Amino acid sequence: MTDERTAPAPAPAPGPVSLAAALDSFEALWSPRIVTRVNDYDVRVAKVAGEHLWHAHDDTDEFFLVLDGELWISLREPAGERTVHLPGGSVFTVPRGTEHKPHAPSGARLLLFEPTGTRTTGTRHGTVPAHVDATTGHPL
């Protein structure tokens with residue numbers, strides 16, 4: 001079995017990347033595209049609408065920047081469940097090991113930082129719905 005984190009990642013872009021153009025280049029929801037790499041991290045963009053699924057990343061935090069729209073992230077923490085609201089321009093980091101479920105009733109465009117090879121469905125999750133792409137990111 002191959003560890004996905006050891007798979008070669010795309011090289012950083014040779015020039016500037018327009019995030020708007022990158023997001024306009026695909027239609028799939030919950031299916032991030034890798035726009036560049038920073039050290040051992042992918043910089044990904046994604047279009048989202050509706051609900052993702054409850055999942056956790058046991059080995060890494062997950063960084064969200066809402067470029068457009070609004071995102072809610074429900075969290076299961078030791079103190080109980082809570083939901084954070086991220087309007088456009090907001091950032092939030094889900095701590096490693098925290099079960100979370102992103103949702104965007106009206107849709108949103110996101111920028112994410114994750115270690116190369118990190119699956120969108122984390123290391124712990126339930127049944128993956130058909131509308132969620134369980135991927136380590138797709139090249140643009």
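Count residues from 1 along the sequence. Quantities reported herein were computed from a predicted structural model and do not represent experimental measurements.
The shortest side-chain heavy-atom distance between Pro105 and Trp72 falls under the 4.5 Å cut-off. Val91 is listed as a side-chain neighbour of Phe63, based on a closest heavy-atom distance under 4.5 Å.
Taken to the nearest 0.5 Å, the CZ atom of Phe92 stands 13.5 Å off from the CG atom of Leu65. Going from atom OG1 of Thr36 over to atom CG of Leu140 covers 9.5 Å, rounded to the nearest 0.5 Å. The distance from atom CG of Leu110 to atom CG of Leu86, rounded to the nearest 0.5 Å, is 9.0 Å. Here Arg44 contributes atom CZ and Phe64 contributes atom CZ; the two are 11.0 Å apart, rounded to the nearest 0.5 Å. Note: Ser90 OG to His85 NE2 = 7.5 Å, rounded to the nearest 0.5 Å. A distance of 7.0 Å separates OG1 in Thr83 from CG in Leu75, rounded to the nearest 0.5 Å.
In this structure, the side chain of His55 engages the main chain of Leu53 through a donor-acceptor pair within 3.5 Å. Judged purely by atom type and a 3.5 angstrom limit, Arg119 has no side-chain atom pairing as donor or acceptor with the backbone of Gly137. Panel note: side chain Thr123, backbone Ala56; a donor-acceptor pair is recorded below 3.5 Å. A donor-acceptor distance shorter than 3.5 angstrom exists from the side chain of Thr120 to the backbone of Thr135, with no hydrogens or angles considered. Side chain of Arg33 to main chain of His138: no donor-acceptor pair is present (N/O by atom type, distance under 3.5 Å, no hydrogens or angles).
The pair Arg96-Asp58 does not meet the salt-bridge criterion, since no charged nitrogen lies less than 4.0 angstrom from a carboxylate oxygen.
In terms of hydrophobic clustering, with Ile, Leu, Val, Met, Phe, Trp and Tyr side chains grouped at heavy-atom distances under 4.5 Å, Ile73 and Trp54 are assigned to different clusters.
What you find for Pro87 and Val66 is that their closest heavy atoms are O-CB, 3.8 Å.
Scored by the salt bridge (Lys or Arg N to Asp or Glu O under 4.0 Å) test, Glu77 finds Arg82 as partners (sequence neighbours excluded).
Remark: the Asp61 side chain and the Thr93 side chain contain no N/O donor-acceptor pair separated by less than 3.5 Å.
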Return a table of donor-acceptor pairs under 3.5 angstrom between the side chains of residues 22-30 and protein atoms on other chains or two or more places apart.
| from | atom 1 | to | atom 2 | distance (Å) |
| --- | --- | --- | --- | --- |
| Asp24 | OD1 | Arg109 | NH2 | 3.0 |
| Ser25 | OG | Ala22 | O | 2.6 |
| Trp30 | NE1 | Ala49 | O | 2.8 |

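With respect to Thr116, the side chain to side chain donor-acceptor pair (under 3.5 Å) criterion is satisfied by exactly one of Asp40, Asn39, Asp42, Thr136: Asp42. Among the candidates Glu51, Lys101, His103, His52, the single residue satisfying the side chain to side chain donor-acceptor pair (under 3.5 Å) test with Ser74 is His103.
In this structure, His100 has its ring center under 6.0 Å from that of His57.
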